[in-house]
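Notes follow the structure.
Model, not experiment: these values are computed from the prediction.
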Amino acid sequence: MHTRNRSSLPQSLPRVLLIIVFFIGILLRIWRLGAHDLWHDEAISYFLAFKDAIPLSQSLEPPLYFLVLRLWLNIVPWPNEFFLRFPSFFFSACSIFLFYKLAKYLFDQKTALMSSFILSLSPFHIWYAQEARSYSLYVFEVLAVTYILLKALEEDRLKLWVSFIVLAVAGLYTNYFVLFLFVAQFCILISVRKYRKRIIRWLRSCAVVFFAFFPALIKLYQ
């Protein structure tokens with residue numbers, strides 16, 4: 001019986017440590033979330049998402065974050081600084097767990113725990129978790145796209161490729177800098193031998209992504 005307890009401890013320890021890391025990250029991000037007044041860019045997010053004083057069609061920024069924020073503010077009982085920043089806090093906290101999954105998939109559980117712990121303490125990650133802007137959602141989508149793409153390259157399942165397309169389109173409609181992510185993906189595909197056989201699948205998926213993003217691309221060019 002004692003042997004069983006000793007063997008079960010190492011198996012449950014990583015899960016306990018992950019919960020602790022996640023809890024620390026949540027505390028650091030939600031602490032004084034609504035303590036400060038809105039600054040200029042957060043006020044723009046407010047008007048785009050809630051008051052609609054600036055129509056989204058006239059905004060130079062991609063619309064997805066503001067649509068998510070608008071939906072959220074229509075649900076909460078009253079819009080204040082805390083609730084306006086809550087989506088950023090939520091996506092930032094979820095990124096800690098997603099970063100753990102990505103690091104575990106690429107390396108091992110110990111590396112995943114260490115890297116997620118470092119991310120939970122990251123001052124920049126905490127800073128943007130408490131700002132009503134799209135950056136937390138952008139980081140979450142980049143991590144999700146990368147994780148799903150790696151699984152799609154390994155397993156080559158239609159469900160994973162469709163998920164990659166959806167997440168990539170969402171990322172582009174959140175932040176235009178996701179365009180540079182495709183350059184990094186191409187570099188991975190041509191440099192890792194086992195992934196080269198999937199390059200046609202990746203190109204087809206990218207074609208669908210850019211077709212869906214084409215209206216925003218025209219607007220960006222203008």
Side-chain angles (χ1 to χ4, degrees), residues 25 41 45 56 59-69 87-88 90-107 111-112 115-116 118-120 122 124-129 131 133-222:
D41 286 8
S45 296
L56 285 176
S59 174
L60 296 177
E61 300 183 61
L64 183 60
Y65 167 74
F66 305 108
L67 292 174
V68 171
L69 194 59
S88 296
F90 174 79
F91 289 114
S92 179
C94 290
S95 295
I96 298 173
F97 177 74
L98 193 55
F99 197 58
Y100 167 83
K101 295 285 289 183
L102 178 60
K104 184 181 177 182
Y105 187 83
L106 288 173
F107 303 104
T111 304
S115 57
S116 60
I118 292 172
L119 183 64
S120 71
S122 169
F124 282 108
H125 207 249
I126 295 171
W127 178 281
Y128 289 112
E131 187 170 296
R133 299 295 290 166
S134 63
Y135 306 118
S136 291
L137 175 59
Y138 164 58
V139 171
F140 174 81
E141 288 166 340
V142 167
L143 290 172
V145 167
T146 305
Y147 178 66
I148 291 297
L149 175 61
L150 290 173
K151 289 182 68 69
L153 292 173
E154 288 282 352
E155 303 174 22
D156 195 27
R157 289 191 293 159
L158 178 61
K159 179 180 178 181
L160 292 172
W161 286 111
V162 171
S163 299
F164 166 74
I165 291 170
V166 172
L167 289 168
V169 171
L172 286 170
Y173 276 98
T174 300
N175 194 306
Y176 294 131
F177 282 102
V178 173
L179 286 168
F180 294 103
L181 185 63
F182 294 96
V183 179
Q185 292 173 1
F186 179 74
C187 293
I188 292 173
L189 283 165
I190 63 174
S191 60
V192 181
R193 180 176 298 179
K194 66 177 181 178
Y195 292 156
R196 291 174 190 169
K197 59 184 178 180
R198 310 289 189 211
I199 194 167
I200 300 300
R201 299 259 185 171
W202 177 79
L203 288 172
R204 290 173 179 172
S205 300
C206 289
V208 177
V209 170
F210 284 105
F211 178 79
F213 182 62
F214 190 71
L217 199 61
I218 294 176
K219 181 183 175 183
L220 178 63
Y221 173 78
Q222 293 173 346

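- Inter-residue side-chain proximity for Ser116 and Ile96 is flagged as met; some heavy-atom pair is nearer than 4.5 Å.
- Residues meeting the side chain to side chain contact (heavy atoms under 4.5 Å, CB included) test with Arg204, sequence neighbours left out: Ile200.
- Within the model, atoms CZ of Phe213 and CZ of Phe210 stand 8.0 Å from one another, a figure rounded to the nearest 0.5 Å.
- Applying the side chain to side chain donor-acceptor pair (under 3.5 Å) criterion to Arg196, with sequence neighbours excluded, gives no partner residue.
- In this structure, Arg201 places its CZ atom where only 12 or fewer heavy-atom neighbours from other residues, nucleotides or ligands lie under 6.0 Å away.
- Separation of atoms OG1 (Thr146) and NZ (Lys101) is listed at 15.0 Å; rounding is to 0.5 Å.
- When the side chain to side chain donor-acceptor pair (under 3.5 Å) test is applied to Lys151, the partners found at least two apart in sequence or on another chain are Glu155.
- Put simply, the side chain of Leu167 does not reach to within 4.5 Å of the side chain of Leu149, judged on heavy atoms.
- In this structure, OH on Tyr135 lies 9.0 Å from CZ on Phe177, to the nearest 0.5 angstrom.
- Distance check, rounded to the nearest 0.5 Å: OG of Ser45 to CD of Glu61 gives 6.5 Å.
- Among residues two or more places apart in sequence or in another chain, the side chain to side chain contact (heavy atoms under 4.5 Å, CB included) test is passed with Val68 by Leu64, Phe91.
- Residue Tyr173 places its OH atom among more than 12 non-hydrogen atoms of other residues, nucleotides or ligands, all under 6.0 Å distant.
- Note that CG of Leu137 and OG1 of Thr174 are 4.0 Å apart. Values are rounded to the nearest 0.5 Å.
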What side-chain donor-acceptor pairs closer than 3.5 Å can you find for residues 180-195, not counting sequence neighbours?
{"residue": "Gln185", "atom": "OE1", "partner": "Trp202", "partner atom": "NE1", "Å": "2.9"}
{"residue": "Ser191", "atom": "OG", "partner": "Cys187", "partner atom": "O", "Å": "2.7"}
{"residue": "Ser191", "atom": "OG", "partner": "Ile188", "partner atom": "O", "Å": "3.3"}
{"residue": "Lys194", "atom": "NZ", "partner": "Glu154", "partner atom": "OE2", "Å": "2.8"}
{"residue": "Tyr195", "atom": "OH", "partner": "Glu154", "partner atom": "OE2", "Å": "3.3"}

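- With rounding to the nearest 0.5 Å, the separation of OG in Ser120 from CD1 in Ile126 is 7.5 Å.
- Applying the side chain to side chain contact (heavy atoms under 4.5 Å, CB included) test to Ser88 and every residue at least two apart in sequence or in another chain returns Tyr65, Ser136.
- The closest side-chain heavy-atom distance from Trp161 to Leu153 is below 4.5 Å.
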